Protein chains: 2
Amino acid sequence: MENKTLSDIKINLVEHSKINDIDFENLSFGNVFTDHMLVCDYTNGEWNTPEIKAYAPFTIEPSARVFHYGQAIFEGMKAYKDEQDDVWLFRPDQNYERFNKSAVRLAMPEVPQDVFIDGLKKLLQIEKDWVKRGNGKSLYIRPFMIATSSGVIASPSLNYRFCIILSPAKSYYSGEVKVVIADHYSRAANGGIGAAKAAGNYSAQFYPTKLANEKGFQQIIWTDDATHTKLEEAGTMNVFFRINDTLYTAPTSERILDGVTRKSLIELAKRENINVEVKSVLVEELIAAAKDGSLKEIFGAGTAAVVNPIAGFGYKDEYFELPKLEKSFALHLKEKLTNIQTKVEPDTFGWTVKI
Amino acid sequence: MENKTLSDIKINLVEHSKINDIDFENLSFGNVFTDHMLVCDYTNGEWNTPEIKAYAPFTIEPSARVFHYGQAIFEGMKAYKDEQDDVWLFRPDQNYERFNKSAVRLAMPEVPQDVFIDGLKKLLQIEKDWVKRGNGKSLYIRPFMIATSSGVIASPSLNYRFCIILSPAKSYYSGEVKVVIADHYSRAANGGIGAAKAAGNYSAQFYPTKLANEKGFQQIIWTDDATHTKLEEAGTMNVFFRINDTLYTAPTSERILDGVTRKSLIELAKRENINVEVKSVLVEELIAAAKDGSLKEIFGAGTAAVVNPIAGFGYKDEYFELPKLEKSFALHLKEKLTNIQTKVEPDTFGWTVKI
Ligand SMILES: Cc1ncc(COP(=O)(O)O)c(C=O)c1O
Ligand SMILES: Cc1ncc(COP(=O)(O)O)c(C=O)c1O
C-alpha cells in the first residue's frame, strides 16, 4: 500500500455553500448531500491523488464494469457534534477495515488509510457546519468504491473510483417495526458475499422485502439459506434476541455482516452487566420462547438507527406480538451507546475519534 | 405495460462513423462499441420515449442507487450476418423474457417489448455494417438496466435507465479450458438471485475465480452452496457432462441461469439423436465416471463461446484429464447450432429472427 501524505489531497472548494437552503429539521434519510465530496481514482495499478471538490455527477461509460458486473462496495458511518462543537467519529478503524475486507472479496483494490481515514477527516473539517448538534442529529458518511473500466467482459475491472459523500441526518425513527422470518428467500450463502458490504447484497433483498411489506412487515429477519432454521440478521441491521434476561445474537460468519453497532453493543452490554451470548438462535427456539413468555425483546443494531426495537414478528401464518417493557435492554443500550457517540457520557472504550 | 409504437423512437445519428478505425480481425471481446446506443429512461412510473444516439458516457449522481445497492441487470445476445448480408437474431424473445424476470427479482420495472425488441431491431438496422460475415464473427448485444435515483437509502430506486450497447466480436476462442469444482465458495443460494442475470452475481465470482486462476484453472464449476455435492453451472456458462453416450445437464432452479444456449442444445441434441437428460450430476458421480472412463466430455454452453469444450477438471487436490475424442458431441452440436444461427443450415426450429 502506498503512503501518501495528507498534503497530497487536492482541494477545490465551492464558491457558494448550499447549507442555508437546507431545512435541517425536515430531512429524509440519505437524500441531501453536502457541498463537497472526496474522489480518488485507481488507475494503472495505483491510487491517484485524492481530490475534495464540489458534489457533482460522475461521467461514466455505459460499459463501465460497475453497471454490468456489480463490483461496488460501501460503508456507512456517522459523525456527531458535541456540546463544544467538536466533531467525532465512532470507531472509524472498524469501517475502514471492513471496507478493505469487502474490497478483497469483490476482487477490488484495497484503499490506503490516508485516502480513507485522513481524507475523510479532511472532508469533515471542511464540512463541519453540516454536522448539527443534539437530539439524534448526525452527518451520515458514505464511503464507496465502484469499478470504472470499460468493457462487457466478466472479469475484474482495472480501474476504480473511491468516493466519500456526506448526508446530514436527523434522529432516525422508522415507526413501529414488525419483522417476518424468512422461510423461502435468502440474503446470503455459505461461500458467498454476505459478509461483504457489497452493493449486490442489497438489491437482492428488495423484492422479498416488497412481498413482506405487502403483508404488513417492514423488514425481514434472514435465516440460513440451506435450512431456514437459524436466525441471522436483518437487511441492514444485525439482530439481538432477549430471552429471559440473556441477549443472544448470531455469530458472524461468511453469511453475516460483522456490524460495528453489534460488536459495540456486545461490549457495552457486558459493561452494563447484561448477559450476552453470541450464539445462533433457532427459529423453533424463538417461537417456543414467544409462546412461553420468555421472549422479552428483539431489536436490530446498525449505524442508521443505532438500536431499532421490534414490535413483533411473523413466521409462516402466525404473528407474535412482543411485550411492551418498562425496562427494555434495547432502549437502555441505545441511550448508553448514543451518549458515548455524542460525548454526553465518557467513552471508557476509546471508541470515539476527534476530527 | 405501455404500448409505444416504433415511430416513438427519437433518432440522432452521429455525423462521422468510427467504423473505419476498427480492425475487425483483431478484436478483444467486449471492448469496442458501435457508433450508437439505445437509451430509455423510466421516470414517474413510466417509460419515456427511447432514443438512439451516439455511444457516449452517462452523467450519473454519485448517490445513484446502482452504485450503492446494486440494482443492475443485463442480457447477452448476438446478431449474425448471412451470405445475403441479412442480419439475424437468435431467439431474442428468450432474452427479452429472461430480462424481465431478472427485473422482477431485483424489484425493477419490466421493459416493454417495443422498447427492448423493436428498439433493438431499429438499432441493428442502423448499425448493420458493424455485423460482419463469416468465421464466427458476430455483433454482441448488451441490453442492460440500472437504477438511477439519487439517495443512499436501501430501498428500490424510483428511476431507471434501460440501454442497449453493441460490440463487434470475432470467433471466441479462450484457449484450453480447465475447470475446478467449487468446494467452498458459491455463486448462488436457494431463495437468492442466481437465476437472475443480475450484475451482483458476477462480481461475487471474481475473487474465487482469481484463486482458481492461480492454481491453473480458467473457470469454476459451481456446486450447490449447502452441500457442494451437486454440479450446477460455470460463471457465464451452463454445463453439460457426457457419460458414455448420454448428455447430462443440471435442471434450472433458483440457483441456475436458464441459458438460451443450454435449452437450444437440449432440443438440438434430441434432433441429432443424442440422448440428453436434465438431471443433477453429483460430484462423486463425476469423479467415479472420470475414474472408470465413462466420462467422455464436459462442455460449457453460453452465448459468448456457444460451446466451450473443457480439457479437464480439478477437485480438491486431484486433477482429471478428459479424453480427446474423434467424435465429440460438443463440436458436433457447436457446428450445428452455429450453422442455424448464421443461416448456413435451415432453421427447423424457428429460432432465428430477421432484422
Ligand atoms: C446487512 C447489514 N447488516 C448489519 C449492518 C449493521 O452494521 P453497522 O452496525 O456496522 O452499521 C449493516 C449496515 O448498516 C448491514 O448493511
Ligand atoms: C451465469 C450464467 N450461466 C449461463 C449463461 C449462458 O446463458 P446463455 O446461453 O443464455 O448465454 C450465462 C450467460 O451468458 C451466465 O451468465
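Below, read A as the first sequence line, B as the second, and so on, with proteins coming before strands; counting in each chain starts at 1. Since the model is a prediction, treat every value here as computed from it, not as a measurement.
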Quiz prompt | Inter-residue atom distance B/Ser186.OG - A/Asp225.CG, 0.5 Å rounding | solution = 7.5 Å

Self-check item: Max heavy-atom pair count under 4.5 Å with chain A, selected residue of B/Gly235, B/Ala204, B/Cys163
Solution: B/Ala204

Self-check item: Which of A/Thr236, A/Leu106, A/Thr209, A/Asn31 touches chain B most, by non-hydrogen pairs under 4.5 Å
Solution: A/Leu106

Practice problem: Indicate yes or no: at least one non-hydrogen side-chain atom of B/Phe33 is less than 4.5 angstrom from one of A/Val152. | Solution: yes

Exercise. Among the options B/Tyr207, B/Tyr185, B/Phe206, pick out the one with the most heavy-atom pairs lying under 4.5 Å from chain A.
Key: B/Phe206

Quiz prompt | Contacting moiety of B/Arg142, where chain A heavy atoms sit under 4.5 Å | solution = side chain

Quiz item: Which bit of B/Val32 comes within less than 4.5 Å of chain A, counting heavy atoms only: side chain, backbone, both or neither?
Solution: neither

Exercise. Taking the side chain as every heavy atom from C-beta outward, state whether B/Pro156 and A/Lys210 have any atom pair closer than 4.5 Å.
Key: no

Quiz prompt | From A/Phe58 atom CZ to B/Ser63 atom OG, the distance as rounded to the nearest 0.5 Å | solution = 9.0 Å

Quiz prompt | Between A/Met145, A/Arg65, A/His184, the one whose heavy-atom pairs under 4.5 Å with chain B are most numerous | solution = A/His184

Practice problem: Assert yes or no for the condition that the ring centre distance of A/Phe144 to B/His68 is strictly below 6.0 Å. | Solution: yes

Practice problem: Select one option (side chain, backbone, both, neither) describing which atoms of B/Ala56 are under 4.5 Å from chain A's heavy atoms. | Solution: backbone

Exercise. Mind listing the closest non-hydrogen atom pair of B/Ala189 and A/Ala189 along with its distance?
Key: CB-CB, 3.5 Å

Quiz item: Which one of B/Gly200, B/Gly70, B/Ala199 has the most heavy-atom pairs closer than 4.5 Å to chain A?
Solution: B/Ala199

Practice problem: Sort out for me which of B/Ile60, B/Ile153, B/Ile193 touches chain A most, counting heavy-atom pairs under 4.5 Å. | Solution: B/Ile60

Exercise. Between chain A and each of B/Ala188, B/Ala226, B/Ala154, count heavy-atom pairs under 4.5 Å; write down the option with the most.
Key: B/Ala154

Exercise. Could you check if a side-chain atom of A/Phe74 sits within less than 4.5 angstrom of a side-chain atom of B/Phe67, using non-hydrogen atoms only?
Key: no

Quiz item: Regarding A/Tyr55 and B/Glu61, is there a side-chain donor-to-acceptor distance under 3.5 Å anywhere?
Solution: yes

Exercise. Please flag which part of A/Met37 lies under 4.5 Å from any non-hydrogen atom of chain B: side chain, backbone, both or neither.
Key: side chain

Exercise. Evaluate the side-chain proximity of B/Gln205 to A/Tyr69: yes if any heavy-atom separation is below 4.5 Å, no if none is.
Key: no

Self-check item: B/Ile165 versus chain A, the contacting section by heavy-atom distance below 4.5 Å
Solution: side chain

